[in-house]
Amino acid sequence: MKKVVATTMATLLFGLSFPVNTFALPDNEVSANSQILEKVSQPNGGDGPQSGADADNKAKEDTIAKKIEGKLEAKDITVWQNDTVNWKDGVKLKTDNEEFKGYLDEASVTDLDNRNTSNSNTDTNDDKAFKGKLKVTFKDKSVIEIADQKLYVTSKMTNINNNKAPKNAVDVKLQLGEGVKDSNGTIGQKDKPVEYGSYRIKPGVNILNEEHPQIKDSLFNLVKLEVSDPDKYVDPQWTSGSANKENFVVSKDNNIFTATASKLFTMTFKFVGYDRNSKTDISSDNLPKAIKDKLPQEQKIKEGESFKPNKFEDTINENSGENKYEWKFSHWNPTGPLSINENKSFQGTWTRSKVEENSNPEVKPGPGKEEDKKERPEKENKPKDNSKAEDKKERPQEENKPKENSRVEDNKNNNKSNNTFPRIKANENKSSSNKVYTRTTKKESKTESNKETFSKTAKYTLTLNSGEYEVIINGQVIKRQMDVKPLIKNDRLMLPLRSLAEMIGTKVEWDQETRTAIFTNKGMVAKIQIDGNEIVLSNGKVIKMDSKPLNIKGRILLPISNVANVFGLTNGNTKDGTDQNIEWDGDTKTVEINLNK
């Protein structure tokens, strides 16, 4: 049974006042108005006498809205364009109260004017552009409306004086540095860059690509950079103040961007000559015109770029009076490639070699050559008289014994006399033969003349940049070419192993299975496994090499000084004042190997 309040008809008809009675009705006869009445009943459900208006007022006084009324006010909201708005940020308590703070935390806030952030409004002075009304709905469904709440929407880039921008806005500065100027003619400075403009920008914006809403272009393109002096600078660029110079994403730590231009440095060139035969320098003025015409023009190179002057591979031939010369480009000093940060002057050296009429001559008699011819003007008519005048003088007692003009040695050699020199064919000159042919007298035996070997008497002069080398035997010059150019690694000259063995007078064998080069000389054996950097000697010692072996075009290169030292040879340079077996000339980039020193 439910209790309802009933009023007698007499009260309605006659205005008479009767006591209010409470009585019960059957459940199936509950009036439709009973639910409304229940809502205005006392919050605690009591049955005491109470009028309808009093109950309604009592219910209102018990809501959160009634309790907090007058304690709230509007708060401005600042957001970036297209950001989502948290409308609760637009309401705040006037006083600090933990109970009321709890009510507000549990409440929901909506905008009654349907404002959005698709367009910025902070560039206008019209209050209507950002004013609106908020609806605060509390947990108990009671409501309060807050008027005149302001929403400020700012574009991602705005003026530095825009104080309505969000609090996390970053103040960004653009400035002009060394080598640049703007379209107004303002020239930047290296030590104190000139400020071009300042802006407030949303964190995370890449200003290299972001379009400014007013100028419809990036801020960098707004400046219209130019170089201040085209002869000294090139390529104006923007750089970041952060460690990564190409980072243009705005943050609190990356907010200064400077325009600078790259410096240009001047590369100048000069040619000089070097005479290989006389080992003397040749001035620029005395070089052939064909070489002077090749001198490079002055060049401008951007700071930080790598630069290496071009080499010249061709050969220049010169006829100077009775002499003929062959010129080859040797090297540049400095060489390169170099990272350019200053003006550079490069000196190129051309090396001159005298050309003999017979560029690959046969070995011919030395002193006594003309005398031999005079003594034997009719050699072909006197086949039985093969001796020289000197031999006749030394053996006067044999003049009456024509049958014994030749020595026993001659008979062993098919009746050829030692007074004639054996000839080395042109193709033999190009081989690695280590036999030296010498002129002997009757007091010298054939065994004695062969005691000296090619490696002991030969002198080698190697040009590093070309791989060409000369072998000098008894004053005769033989030119050869390595199939792989030598090179310098870790300050060590690296030579192909067979050329190296020839030049230091050793025998070399190759063990394909173990990939080992085996050098032998005077009972000493040195093994080099080319995948390592050690020389293992037959006496048990192990020597570390400064540079590991190299494999270039199927040829193994080894450091000559490390291998040569094993067999007692010394090495140095032409400026150390000591005469060594292996001498390095840094000016001409040549190495001389002479085992007789």
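Index from 1, following the sequence.
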* side chain to side chain donor-acceptor pair (under 3.5 Å) against T315, all qualifying residues, sequence neighbours excluded -> none
* Looking at residues at least two apart in the chain, or sitting in another chain, which of them share a side-chain contact (heavy atoms from CB on, under 4.5 Å) with E303? -> K263, F265
* For atom CG of D491, is the number of surrounding heavy atoms from other residues, nucleotides or ligands below 6.0 Å larger than 12? -> no
* Structure fact -> Contacts of D83 meeting salt bridge (Lys or Arg N to Asp or Glu O under 4.0 Å) (sequence neighbours excluded), chain-then-number -> K202
* To do: Please identify each residue that fulfils side chain to side chain donor-acceptor pair (under 3.5 Å) with N310, with sequence neighbours left out.
  => none
* For N254, does its backbone N or O pair with a side-chain atom of S251 as donor and acceptor, under 3.5 Å? -> yes
* Asked: If only atom types and distance count, is the side chain of Q189 paired as donor or acceptor with the main-chain N or O of D191 below 3.5 Å?
  -> no
* Structure fact -> Applying side-chain contact (heavy atoms from CB on, under 4.5 Å) to Q481 and not counting sequence neighbours gives E468
* ring-ring contact (aromatic ring centres under 6.0 Å, His included) partners for Y233, two or more places apart -> none
* To do: State which residues pass side chain to side chain donor-acceptor pair (under 3.5 Å) with S306; sequence neighbours excluded, sorted by chain then number.
  => none
* Asked: Does a side chain donor of either T63 or D140 reach within less than 3.5 Å of an acceptor in the other side chain?
  -> no
* To do: Using side-chain contact (heavy atoms from CB on, under 4.5 Å) as the criterion, list what pairs up with D217, not counting sequence neighbours.
  => I215, N221
* **Listed partners of F271 passing ring-ring contact (aromatic ring centres under 6.0 Å, His included), at least two apart** => F312, W332, W350
* Not counting sequence neighbours, which residues clear side chain to side chain donor-acceptor pair (under 3.5 Å) with Q299? List them please. => none
* **Partner residues of T260 under the side-chain contact (heavy atoms from CB on, under 4.5 Å) criterion, sequence neighbours left out** => T239, T258
* **Partners meeting ring-ring contact (aromatic ring centres under 6.0 Å, His included) with W238 (sequence neighbours left out)** => F220
